[in-house]
> 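Structure in structure tokens, see below.
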Amino acid sequence: MDSLDALCAAMGETELDPETDREFHRVLYSRVDNPLIGQLVDVFWDAYRTAHEVLSAPGETEKAETVRLHAAIVDALRAGDAAAARDAMTAHFAEINHRLGCARER
């Protein structure tokens, strides 16, 4: 949890470095006893990194929302609230999908 907190803090202090975000997700799934999950996270991030090049840089509002969504995941996990964690992950991926959709419309 401390590592996830530190990565959230780092996201808030940078321009949302994709590698910091990727590390957040690696740490998030690192305790899952399934090596395929780690590989899927890496595949997703390779694809997202490619797509990220066509996305506009997030403004302060988007940055704050991204950090908030990551922190909500950590808070739900810390509380042991599976439903809140699932909702936080769904909201996080919805935000990513929204940004990708906006890029497709340009």
> Any chance you could measure Leu69, atom CG, to Thr90, atom OG1, to the nearest 0.5 Å?
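Those atoms lie 11.0 Å apart.
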> Could you note down all residue pairs passing ring-ring contact (aromatic ring centres under 6.0 Å, His included) where residues 73-97 supplies at least one of them, sequence neighbours left out?
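Found His25-His92, Phe44-Phe93, His70-His92.
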> Partners of Glu65 by salt bridge (Lys or Arg N to Asp or Glu O under 4.0 Å), sequence neighbours excluded?
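Partners of Glu65 under the salt bridge (Lys or Arg N to Asp or Glu O under 4.0 Å) test: Arg68.
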> Considering residues at least two apart in sequence or located in another chain, which fulfil the salt bridge (Lys or Arg N to Asp or Glu O under 4.0 Å) criterion with Asp46?
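Salt bridge (Lys or Arg N to Asp or Glu O under 4.0 Å) list for Asp46, sorted by chain: Arg22.
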> Got a sec, which residues hit side chain to side chain contact (heavy atoms under 4.5 Å, CB included) with Val27, two or more places apart in sequence or on another chain?
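Val27 satisfies side chain to side chain contact (heavy atoms under 4.5 Å, CB included) with Ser3, Leu4, Leu7, Glu23 once adjacent residues are dropped.
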> Would you name the heavy atoms of Ala10 and Thr20 that are closest together and state the gap between them?
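Closest approach of Ala10 to Thr20: CB-CG2, 4.0 Å.
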> Could you identify which residues cluster with Leu40, counting Ile, Leu, Val, Met, Phe, Trp and Tyr as linked when any side-chain heavy atoms lie under 4.5 Å apart, either directly or through a chain of such contacts?
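Grouped by the 4.5 Å side-chain rule, Leu36 form the rest of the cluster around Leu40.
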> Are any of the side-chain heavy atoms of Leu28 and Met89 separated by less than 4.5 Å?
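Contact flag for Leu28/Met89 side chains = yes.
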> Going through the distances and angles, do Asp21 and Trp45 end up as a side-chain contact (heavy atoms from CB on, under 4.5 Å)?
CA-CA 9 Å; Asp21 201 346; Trp45 277 102; 3.4 Å; yes
> Identify the two heavy atoms, one from Cys8 and one from Ala71, that lie closest to each other, and give their separation to 0.1 Å.
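Closest approach of Cys8 to Ala71: SG-N, 3.8 Å.
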> Output all residues satisfying side chain to side chain contact (heavy atoms under 4.5 Å, CB included) with Ala85, sequence neighbours left out; order by chain, then residue number.
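Checked Ala85 against side chain to side chain contact (heavy atoms under 4.5 Å, CB included); matches are Ala76, Leu77.
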> In this structure, would Met1 and Val67 fall into the same cluster of hydrophobic residues linked by side-chain contacts under 4.5 Å?
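Looking at the clustering, Val67 is in the same group as Met1.
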